[in-house]
Amino acid sequence: LLNTEFITGSINSIDKNGTGLLTLKMNEIEIKKPFSWELDNSTRDFFLKTSIDVLNWNAKSALDALNDVCLEQHTGPDGTNKLWPNVDIVVFASL
């Protein structure tokens, strides 16, 4: 992976109905993703959620390497080893 100390992003649009569109950048690749959001009007806490597939960022070799390191933790009782490429992205912010 390239320059992956952080996943960076920006909100492109936010709709009143609890949805929006953001851009996430990882491994020198930017991808637009829809997201859902909520705002607690009493505390002004903002919550945003989306999910990504790291394979969309050309991260298969990095995922395979991680799976090798964590092999025992990712092997089920049936002996099958799997590390899923889907990752939830969650942001909490106080406004």
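It should be emphasised that the depicted structure is a prediction, and the values quoted were computed from it without experimental measurement.
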Q) Linking I/L/V/M/F/W/Y whenever any side-chain heavy atoms sit under 4.5 Å apart, do V69 and V87 land together? A) no
Q | Heavy-atom side-chain contact between F47 and V91 under 4.5 Å | A | no
(Q) Tell me if a side-chain donor or acceptor on W37 pairs with a main-chain N or O of T19 at a distance below 3.5 Å. (A) yes
Q) What distance separates I29 CD1 from W57 CH2, expressed to the nearest 0.5 Å? A) 8.5 Å
Q) If you take all heavy atoms of P34 and T50, which pair is closest and at what distance? A) O-OG1, 2.7 Å
Q. Is there a side-chain contact between I31 and N56, using heavy atoms and a 4.5 Å cut-off?
A. yes
Q.
Would you compute the distance between atom OG of S10 and atom CG of L21 and round it to the nearest 0.5 angstrom?
A. 9.0 Å
Q | Validation row: N86, I52 side chains within 4.5 angstrom (heavy atoms) | A | no
Q: Please determine if R44 and D40 form a salt bridge, counting it only when a charged side-chain N lies under 4.0 Å from a carboxylate O.
A: no
Q) When you measure from the side chain of T80 to the backbone N and O of G76, does any donor-acceptor pair fall under 3.5 Å? A) no
Q: Enter the distance from S36:OG to D15:CG here, rounded to the nearest 0.5 Å.
A: 12.0 Å
Q | Validation row: F35, I11 side chains within 4.5 angstrom (heavy atoms) | A | yes
Q) Are L55 and I89 connected in a single hydrophobic cluster, I mean Ile/Leu/Val/Met/Phe/Trp/Tyr linked by side-chain heavy atoms less than 4.5 Å apart? A) yes
(Q) Taking the side chain as everything from C-beta on, heavy atoms only, tell me whether L48 gets closer than 4.5 Å to I14. (A) no
Q.
Just so I know, are the side chains of K32 and L22 near enough to count as touching, which here means a heavy-atom distance under 4.5 Å?
A. no
Q. Do you know which of N58, T8, I7 makes side-chain contact (heavy atoms from CB on, under 4.5 Å) with M26?
A. I7
Q: May I have the step-by-step check of side-chain contact (heavy atoms from CB on, under 4.5 Å) for L39 and L95, ending in yes or no?
A: CA-CA 9 Å; L39 176 66; L95 303 178; 3.7 Å; yes
Q.
For the OG1 atom of T23 and the CD atom of E30, what is their distance to the nearest 0.5 Å?
A. 6.0 Å
